[in-house]
There are 2 protein chains.
Amino acid sequence: MREPSPEKQEAILNTALTLFTERGFFGTPTSLISKKAGVATGTLFFYFRTKEDLIDTLYRRVKSEAAREMCRGLDKEKTAKDKLRRLGKNAAGWGIRNPAKLKFMEQFAHSPFVSTNAHEEGMSHFLFLEDLVRDGIRNGEIRDVDPSGLFCIMASALSGLIAHALLTDDPAEREKIIGNGLDFIWYGMKVEE
Amino acid sequence: MREPSPEKQEAILNTALTLFTERGFFGTPTSLISKKAGVATGTLFFYFRTKEDLIDTLYRRVKSEAAREMCRGLDKEKTAKDKLRRLGKNAAGWGIRNPAKLKFMEQFAHSPFVSTNAHEEGMSHFLFLEDLVRDGIRNGEIRDVDPSGLFCIMASALSGLIAHALLTDDPAEREKIIGNGLDFIWYGMKVEE
DNA sequence: GTGTAAATTGACTAGTCAGTCAATATGGTG
DNA sequence: CACCATATTGACTGACTAGTCAATTTACAC
């Protein structure tokens with residue numbers, strides 16, 4: 001018997017990731033994906049039942065990887081301030097190391113091509129973030145306003161920050177941009193002295 | 001002689017706006033646009049040379065309308081703080097009154113289907129915003145960090161804020177969300193006391 | 001080796017798309 | 001009214017697409 005090849009599946013997923021972000025879902029023919037991935041059309045449909053199944057799998061993977069990376073060492077930090085800063089640095093670091101994945105997530109976060117199921121599963125990985133904000137409010141570090149609103153603005157600001165940091169190639173410059181950006185976010189959230 | 005009908009052109013543009021935001025560029029056949037707009041296929045191509053030409057025109061229009069609305073009464077405000085707050089309220093108000101246009105702008109702001117020309121023309125309407133931040137830094141209201149970075153995060157935060165405000169139908173609730181969000185943005189920018 | 005179950009192939013199908021064009025309808029003008 | 005430039009129509013074309021499937025190759029078990 002022959003075994004399915006994880007390398008081929010991976011090649012298809014990676015190629016699709018790049019093409020989808022560059023050209024959009026409908027703008028990317030499955031024929032182009034299989035060609036660039038170095039497999040036949042039929043092979044793509046052996047590993048993924050439909051084109052929708054392909055983007056769904058991609059979405060689930062990228063979203064859970066992003067969440068995993070953002071949590072790194074979060075339990076080592078004590079205060080909400082330190083936790084948020086670590087989180088922000090993790091997110092920025094991952095985004096800068098994986099610009100294509102970041103762009104894919106932004107582009108398909110509200111896309112109808114990704115199934116509702118996959119969207120919900122994706123969101124579930126990030127629920128801990130809202131708890132983090134809630135804890136900060138409870139112990140008086142963060143201003144007492146609607147946590148989900150705060151979390152939402154924070155996420156957008158962070159995403160804009162990473163996009164801006166990606167414009168430069170100089171790592172030192174980047175570090176500075178991210179530091180300033182995280183300051184902006186923290187000053188926006190903390191209680192005034 | 002017969003004159004071109006602005007109403008027909010408008011109908012095509014409005015229909016295309018809705019369909020593009022709902023289904024994406026490649027997901028929307030020109031046949032569907034013309035059908036829903038109540039004209040024949042040929043008429044669409046009489047007013048717009050290609051499908052690209054159509055989305056380009058749409059992008060230019062929406063972007064310049066958004067910029068125009070955001071500037072409303074800005075010169076009446078004296079301080080950077082007041083100018084930014086007015087700007088934020090204008091932006092939020094426009095976004096809430098025109099959710100489809102807002103979604104269109106977000107979706108195609110970095111899209112390859114819109115020509116580079118149209119993108120540059122779109123950006124040019126918002127350059128005054130960076131000057132506003134620069135002025136605020138000069139007179140000591142805003143923290144002295146890279147203005148383009150500050151502007152970039154501010155724009156993302158604002159966009160996230162509007163998206164979040166759109167989730168509720170209650171105008172009072174909305175007002176509160178927007179107020180809180182604009183506080184977040186201002187605390188992020190201002191110099192500390 | 002040999003057998004075999006499963007992976008891989010690519011020509012193929014039925015359907016869809018952007019854009020064309022010859023025919024027709026329309027409205028302004030004199 | 002009659003004329004005519006032009007706005008409008010929709011059947012049509014050539015190109016392209018998601019997904020199929022019968023034929024072929026591969027890798028593992030014995």
Side-chain angles (χ1 to χ4, degrees), chain A residues 1-60 104 107-108 111-115 117-118, chain B residues 1-60 104 107-108 111-115 117-118:
Chain A
M1 299 189 214
R2 231 182 131 182
E3 295 291 305
S5 142
E7 298 92 47
K8 282 216 164 117
Q9 205 191 14
E10 215 62 34
I12 294 168
L13 282 168
N14 287 333
T15 312
L17 176 81
T18 319
L19 290 174
F20 282 152
T21 50
E22 277 171 2
R23 316 168 41 114
F25 181 67
F26 282 111
T28 309
T30 51
S31 59
L32 186 65
I33 301 174
S34 51
K35 196 175 150 192
K36 288 225 177 195
V39 300
T41 354
T43 308
L44 190 152
F45 288 98
F46 175 77
Y47 286 102
F48 305 94
R49 272 186 14 270
T50 61
K51 201 182 173 186
E52 267 83 11
D53 185 30
L54 173 57
I55 200 173
D56 243 49
T57 310
L58 210 41
Y59 188 81
R60 279 175 220 269
F104 177 84
Q107 206 167 122
F108 294 100
S111 154
F113 314 135
V114 174
S115 76
N117 251 339
Chain B
M1 299 187 215
R2 233 179 128 184
E3 293 291 305
S5 140
E7 298 91 48
K8 281 213 165 120
Q9 206 191 10
E10 216 62 32
I12 294 168
L13 282 168
N14 287 333
T15 312
L17 176 80
T18 318
L19 291 173
F20 281 152
T21 49
E22 276 170 5
R23 316 167 42 113
F25 182 68
F26 281 108
T28 309
T30 51
S31 59
L32 186 65
I33 300 173
S34 51
K35 196 173 149 193
K36 289 224 178 194
V39 300
T41 356
T43 307
L44 190 152
F45 288 98
F46 175 77
Y47 285 102
F48 305 95
R49 273 185 14 268
T50 61
K51 199 182 174 185
E52 267 83 10
D53 185 28
L54 173 58
I55 200 173
D56 244 48
T57 309
L58 212 40
Y59 189 81
R60 280 176 221 268
F104 177 84
Q107 204 166 122
F108 295 101
S111 153
F113 314 136
V114 174
S115 76
N117 252 338

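Throughout, protein chains are lettered first and strands after them, A, B, ... in sequence-line order, and every chain is numbered starting at 1.
Annotation: side chain of A:Ile33 is in contact with side chain of A:Leu54 (closest heavy-atom distance under 4.5 Å). With a 4.5 Å cut-off on side-chain heavy atoms, B:Leu32 and B:Arg23 count as touching. Taking the side chain as every heavy atom from C-beta outward, A:Arg60 and A:Asn117 approach each other to under 4.5 Å. Using a 4.5 Å cut-off on side-chain heavy atoms (C-beta onward), A:Phe45 and A:Thr30 make contact.
For A:Phe104, the ring pair (Phe, Tyr, Trp, His ring centres under 6.0 Å) test picks out A:Phe108, with sequence neighbours left out.
If you measure from atom CZ of A:Phe46 to atom C1' of C:dG10, you get 16 Å, rounded to the nearest angstrom. Atom-to-atom, CD of A:Glu7 to P of D:dT26 comes out at 16 Å; the value is rounded to the nearest Å. One atom, CD of A:Glu3, and another, P of C:dT4, lie 19 Å apart when rounded to the nearest Å.
For B:Lys8 and D:dA7, the shortest distance from a side-chain N or O to OP1 or OP2 is not below 4.0 Å. A:Tyr47 has no side-chain polar atom (N or O) that falls below the 4.0 Å cut-off from OP1 or OP2 of C:dA7.
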Under 4.0 Å protein heavy-atom contacts per nucleotide of nucleotides 13-24 of chain C, with B for base, S for backbone only and - for none: ----SBBB----
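Ring orientation note: the planes of B:Phe113 and B:Phe26 are nearly perpendicular, at an angle over 60° on the 30°/60° scale.
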